[in-house]
Amino acid sequence: MDEGDGEPQDFIRICTEKLSTEEVSQLVLSPSCGAVSIFVGTTRNNFEGKKVVHLEYDAYVPMAEAEIKKILADIRKRWPSVKHMAVYHRLGLVPTTEASVVIAISSPHRDDSLDAVKFCINTLKATVPIWKKEVYEEEGSTWKENKECFWKKQ
């Protein structure tokens, strides 16, 4: 970030490359902010007793980006002190322990950035058209539906 205290910025990236928490966190630094809150979602090695080898993500990218923009606009209304926000999501194969999503948000004080990060990941999982397939060591694979998905509640 530059040394000035320019306009708030939003960074959205949906890609197949390995995500860097350091790169994403650097995007949201600001001299006027004393807090950068980060959420990193990683692939765990198990689910309901099954050994997970990796995850595979797919998305309708234009709609996913549009939905993420809506989430960030909503955050700006709810937490006006938020300065910069970055949401990076990986597509394709994501091995265990690697990041599938990195969210970073800066604000002058921690409460707003912490609350905004939690809201961001929960809303992303509920509304953004990104699909996850768990690939298991012995039992094939399963496309997973997030329990937060708005369409699941109907």
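Heavy-atom minimum distance, V24 versus A104: CG1-CB, 3.9 Å. Between A59 and I130, the shortest heavy-atom distance links the atoms CB-CG1, 3.8 Å. Considering every non-hydrogen atom in both F119 and D74, the closest pair reads CZ-OD2, 3.3 Å. Heavy atoms only, all atoms of each residue included: S81 and P108 are closest at O-CD, 3.1 Å. Nearest approach of L27 to F11, heavy atoms of both residues: O-CE1, 3.5 Å.
Residues E98 and T42 are not in side-chain contact: their nearest non-hydrogen atoms beyond the backbone lie 4.5 Å or more apart. Looking at heavy atoms from C-beta onward, T96 lies out of side-chain contact with V53 at the 4.5 angstrom threshold. With a 4.5 Å cut-off on side-chain heavy atoms, V117 and I38 do not count as touching. Taking 4.5 Å as the limit, every side-chain heavy atom of L93 sits out of range of all side-chain heavy atoms of V135.
In terms of modelled atom types and a separation under 3.5 Å, the side chain of R90 and the main chain of V101 share no donor-acceptor contact. Judged by distance alone, with hydrogens and angles left aside, the side-chain atoms of H89 form a donor-acceptor pair with the main-chain N or O of S100 at under 3.5 Å. Side-chain atoms of T43 come within 3.5 Å of backbone atoms of V94 as a donor-acceptor pair (strictly under, hydrogens ignored). Distance alone, capped at 3.5 Å, is enough to place a donor-acceptor pair between the K83 side chain and the G6 backbone. The backbone N or O of V82 sits nowhere less than 3.5 Å from a side-chain atom of S107 that would complete a donor-acceptor pair. Distance alone, capped at 3.5 Å, places no donor-acceptor pair between the S106 side chain and the V36 backbone. Proximity of a side-chain donor or acceptor of T123 to a complementary backbone N or O of C120 within less than 3.5 Å is not detected.
For the pair R78 and D112, the salt-bridge criterion is not met [side-chain N within less than 4.0 Å of a carboxylate O].
The CD1 atom of I105 sits 9.0 Å away from atom CG of D10, with the distance rounded to the nearest 0.5 Å. Expressed to the nearest 0.5 Å, how far NE2 of H84 lies from OG of S32 amounts to 7.0 Å. Separation of atoms OG (S25) and CD1 (I103) is listed at 13.5 Å; rounding is to 0.5 Å. To the nearest 0.5 Å, atom CE of residue M85 and atom CD1 of residue I12 are 8.5 Å apart. In this structure, the separation between NE2 on H54 and NZ on K133 is 7.0 Å, given to the nearest 0.5 Å. Remark: W131 CH2 to D58 CG distance equals 6.5 Å, nearest 0.5 Å.
Within 6.0 Å of atom CD in E7, 12 or fewer heavy atoms from other residues, nucleotides or ligands are found, so the atom counts as exposed in its surroundings.
The cluster map of Ile, Leu, Val, Met, Phe, Trp and Tyr, joined by side-chain heavy atoms under 4.5 Å apart, puts Y57 and F47 in the same cluster. The cluster map of Ile, Leu, Val, Met, Phe, Trp and Tyr, joined by side-chain heavy atoms under 4.5 Å apart, puts L114 and I71 in different clusters.
With Y136 as the aromatic partner, K50 meets the cation-pi criteria of under 6.0 angstrom to the ring centre and within 45 degrees of the ring axis.
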Step by step, would you call V61 with L91 a side-chain contact (heavy atoms from CB on, under 4.5 Å)?
CA-CA 10 Å; V61 175; L91 299 180; 3.8 Å; yes

